[in-house]
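Data block below; observations after.
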Amino acid sequence: MSLETLDSRHPDAVVVGGGLIGSSIALRLAQAGLRVSVLDRGPAGQEASSAAAGMIAPQAEKMGPAKFGELCGLSHSLYPEFAAEVEALSGHVVNYRRDGTLLVALDDEQVREIDDIEADAASPAIERLDSQAAQRRVPGLASDIRSALFLAGDHWVDNERLTRAVIEAARRQGVTFQENTPVRRIHVRHERMEGAETDRERIACGEVILAAGCWSGTLAATAGVELPMEPCRGQMLEFELDSPLPVVVRGGHSYLVPRDGNRVVVGTTAEYAGFDAAVTAGGIAEVLRAALRLAPFLAGGCFRRAWAGLRPDTADHLPILGPCGISGLTLATGHFRNGILLAPVTARLIADIVVNKSSPPVLESFAAERFAPVA
Ligand SMILES: Cc1cc2nc3c(=O)[nH]c(=O)nc-3n(C[C@H](O)[C@H](O)[C@H](O)COP(=O)(O)OP(=O)(O)OC[C@H]3O[C@@H](n4cnc5c(N)ncnc54)[C@H](O)[C@@H]3O)c2cc1C
């Protein structure tokens, strides 16, 4: 890209939002030689990216359209290298684990779901288990399991550690993080992005990448781009068990995901309650009821903490990625339930768009234009 026209005090690219998506993109842009600033309204990395469960699970999630499955598969395949690179660059361990997922069915509907997953996947890494075999994998599960699938290819990562590590890796590559700096507006003139405005200044730059999670819609509107986005709250609990949980366990909307030190994170709810990330009594009860039904052994776990995060959902539940009809403004948002899984591929493709002005075919289905013409 041509940088000559830019003042040397100005970054080449401003990334709005320092979650896992924005920070991963910033890292890739800095590696490509750009001067990058990440602006975050709070401390970077503290929203959905830290609240998540960290499942890298293209098989256990019902992946929707084929193009989305392709995107998820691509990101899944990038994960081993991404995690190793981030660990090497940051000096932090991220706990990327490839132990697999046990998907459990407790009723007819869940049996149909795992039948579908088994039929769709046609992968040798999928193993059908009866109740006893499932119990052998994870002792103490519900005694009335109808059927189960073991998905060896579904992995997990400690997303809090990963997000911190990506931020640190990006910093070490020269990215500037301006925290507690909300962006109020993205300036556009004659369909050309001119910069980002905070309470203190207007930052001129050649490129803005909007990666502000569920807050992206409000910011896009300031540039005249309408994004049909809505936050979807998920409440989570964490317990300490007597021994480590060997694999991720999922059943219906409930899941238990291991962490180091015998910890386990338990989720979740899917609530459309606006931008309110409160933990509620009803939410805790819902999460616990479902988890204890699936995994009665959890009853002996020691409670550690509860939290909630806001998933960036979109009208069709698919991400919004790439150009938006305004030169210099690129969108990287709407990752809904899969932003941890999708971080490596998003970072790679968005950096490619910004640096090389490419149009990766895999992103065609995820353009903002699918919703409405840009105003
Ligand atoms: C309970 C829960 C469980 C989940 N589990 C999984 C899972 O197992 N696997 C998976 O793949 N995904 C999961 N997800 C989804 C995943 O967490 C998200 O898709 C992903 O974290 C989105 O990342 P992000 O960087 O876009 O958003 P965020 O992490 O929310 O980051 C957005 C950033 O933008 C900043 N920002 C907002 N407004 C402004 C502004 N005006 N100016 C500057 N900065 C701003 C925020 O402060 C924030 O730091 C889960 C989500 C939740 C809530």
message: According to side chain to side chain contact (heavy atoms under 4.5 Å, CB included), who are the partners of A152, at least two apart in sequence or on a separate chain?
response: A125, F150

query: Are L349 and F68 grouped together when hydrophobic residues (ILVMFWY) are joined by side-chain heavy atoms under 4.5 angstrom apart?
result: yes

query: For L20, does its backbone N or O pair with a side-chain atom of S49 as donor and acceptor, under 3.5 Å?
result: yes

field: Closest contact, heavy atoms only, L342 versus P319
entry: CD1-CG, 4.3 Å

message: According to salt bridge (charged side-chain N to carboxylate O under 4.0 Å, His left out), who are the partners of D115, at least two apart in sequence or on a separate chain?
response: R128

query: Can you check whether L74's main-chain N or O pairs, donor with acceptor, with S77's side chain at less than 3.5 Å?
result: yes

Salt bridge present between E179 and R41 (N-O < 4.0 angstrom): no

- request: Kindly state each residue pair satisfying side-chain hydrogen bond (donor to acceptor under 3.5 Å, both in side chains) with at least one member in residues 273-291, sequence neighbours excluded.
  value: Q235-T280

Tabulate below the donor-acceptor pairs under 3.5 Å that side-chain atoms of residues 323-336 make, not counting sequence neighbours, or state none.
residue, atom, partner, partner atom, Å
S327, OG, R192, NH1, 2.8
T333, OG1, G213, O, 3.1
T333, OG1, S216, OG, 2.8
H335, NE2, T346, OG1, 3.0

D316 with R370: basic N within carboxylate O range, under 4.0 Å: yes

task: Determine, for D199 against R184, whether the closest basic-nitrogen to carboxylate-oxygen distance falls under 4.0 angstrom.
output: yes

- request: In sequence, state the C-alpha distance, the side-chain angles, and the governing distance for R98 and D154, and then conclude on salt bridge (charged side-chain N to carboxylate O under 4.0 Å, His left out).
  value: CA-CA 7 Å; R98 299 193 233 181; D154 277 5; over 6 Å; no

query: Say you draw a straight line from CG of L29 to CD1 of I350; how long is it, rounded to the nearest 0.5 Å?
result: 9.5 Å

query: With a 4.5 Å heavy-atom cut-off, do L237 and L288 have their side chains touching?
result: yes

- request: Using atom types as modelled and distance alone, determine if a side-chain donor or acceptor of T269 lies under 3.5 Å from a backbone N or O of E271.
  value: no

- prompt: From E369 CD over to I320 CD1, what is the distance, rounded to the nearest 0.5 angstrom?
  reply: 10.5 Å

message: Evaluate E230 against Y272 for side-chain contact (heavy atoms from CB on, under 4.5 Å), listing each step before the verdict.
response: CA-CA 8 Å; E230 198 179 359; Y272 291 90; 3.6 Å; yes

task: Let me see the working for Q31 and E85 under side-chain hydrogen bond (donor to acceptor under 3.5 Å, both in side chains), right down to the final yes or no.
output: CA-CA 12 Å; Q31 287 174 320; E85 183 188 355; 2.8 Å; yes

message: If you apply the rule side-chain contact (heavy atoms from CB on, under 4.5 Å), what do you find for L39 with V15, and how did you get there?
response: CA-CA 6 Å; L39 305 183; V15 179; over 6 Å; no

- line: One should read off an interatomic distance between S23 OG and D40 CG, to the nearest 0.5 angstrom, of 7.5 Å

query: Looking at L318 and P65, what are the two nearest heavy atoms and their distance?
result: CD1-CG, 3.9 Å

task: Would you kindly confirm whether L363 and I25 end up in one hydrophobic cluster when ILVMFWY residues are joined by side chain heavy atoms under 4.5 Å apart?
output: yes

- prompt: Hey, are R161 and E87 close enough for a salt bridge, meaning a charged N less than 4.0 Å from a carboxylate O?
  reply: no

query: Among all residues two or more places apart in sequence or in another chain, which pass the side chain to side chain contact (heavy atoms under 4.5 Å, CB included) test with T222?
result: R185, I186

task: Mark yes or no: R304 above the aromatic ring of F239, with NZ or CZ under 6.0 Å from the six-membered ring centre and no more than 45 degrees from the axis.
output: no

query: Once you round to the nearest 0.5 Å, how far does CZ of R263 lie from SG of C302?
result: 13.5 Å

task: Quick one: list whatever passes side chain to side chain contact (heavy atoms under 4.5 Å, CB included) with P344, sequence neighbours left out.
output: S75, L78, Y79, F82

- prompt: Does L151 offer a backbone N or O that forms a donor-acceptor pair with the side chain of T101 under 3.5 Å?
  reply: no

- line: To the nearest 0.5 Å, atom CD of Q110 lies from atom CG of L294 at 8.0 Å

message: Quick one, F297 and V249 - any side-chain contact, counting heavy atoms below 4.5 Å?
response: no

message: Under the rule for side chain to side chain contact (heavy atoms under 4.5 Å, CB included), what residues qualify as partners of P296, not counting sequence neighbours?
response: A142

- prompt: Is the side chain of D352 donor-acceptor paired with the backbone N or O of S358 at a distance under 3.5 Å, no angle test?
  reply: no

message: With a 4.5 Å cut-off on side-chain heavy-atom distances among I, L, V, M, F, W and Y, is there a chain of contacts connecting M229 to V225?
response: yes

- prompt: Quick one: does V16's side chain get under 4.5 Å of V208's, heavy atoms only?
  reply: yes

- line: By salt bridge (charged side-chain N to carboxylate O under 4.0 Å, His left out), R137 pairs with (sequence neighbours left out) E127

- request: Please name all residues satisfying side-chain hydrogen bond (donor to acceptor under 3.5 Å, both in side chains) with R164, sequence neighbours left out, ordered by chain then number.
  value: none

Set of residues satisfying salt bridge (charged side-chain N to carboxylate O under 4.0 Å, His left out) with respect to E160, sequence neighbours excluded: R305

message: If the threshold is 4.0 Å, N to carboxylate O, is there a salt bridge linking D144 and R293?
response: yes

- prompt: Salt bridge between D313 and R311, side-chain N to carboxylate O under 4.0 Å?
  reply: no

message: Check for me, please, whether I167 and I209 land in the same ILVMFWY cluster - side-chain distances under 4.5 Å, paths through other members count.
response: yes

- request: Taking D130 for its side chain and Q132 for its backbone only, find out whether a donor-acceptor pair lies under 3.5 Å.
  value: yes

- prompt: Nearest heavy-atom pair of A165 and S90: which atoms, and what distance?
  reply: O-CB, 3.2 Å

field: Ion pair R189/E194, N-O distance below 4.0 Å
entry: yes

query: When rounded to the nearest 0.5 angstrom, what distance separates CG in L241 from CG in L298?
result: 6.5 Å

query: With sequence neighbours left out, what residues match R259 under salt bridge (charged side-chain N to carboxylate O under 4.0 Å, His left out)?
result: D158

query: Checking D99 side chain against V247 main chain: does a donor-acceptor pair fall under 3.5 Å?
result: no

- prompt: How is the hydrophobic cluster of V248 composed, in terms of its other members, when Ile, Leu, Val, Met, Phe, Trp and Tyr link through side-chain heavy atoms under 4.5 Å apart, directly or indirectly?
  reply: M55, W156, M236, Y255, V257, V265, W307

side-chain contact (heavy atoms from CB on, under 4.5 Å) between R337 and H317, worked out: CA-CA 9 Å; R337 294 177 181 278; H317 312 301; over 6 Å; no

- request: Report yes or no: do L141 and L149 belong to one cluster of Ile/Leu/Val/Met/Phe/Trp/Tyr joined by side chain heavy-atom distances under 4.5 Å?
  value: no

Flag side-chain contact, heavy atom, 4.5 Å: I353 against P360: yes

field: L89 side chain near R172 side chain, heavy-atom distance below 4.5 Å
entry: no

task: Any chance you could lay out the salt bridge (charged side-chain N to carboxylate O under 4.0 Å, His left out) test for K67 and E70, step after step, and finish with the verdict?
output: CA-CA 5 Å; K67 284 283 178 196; E70 194 185 327; 3.8 Å; yes

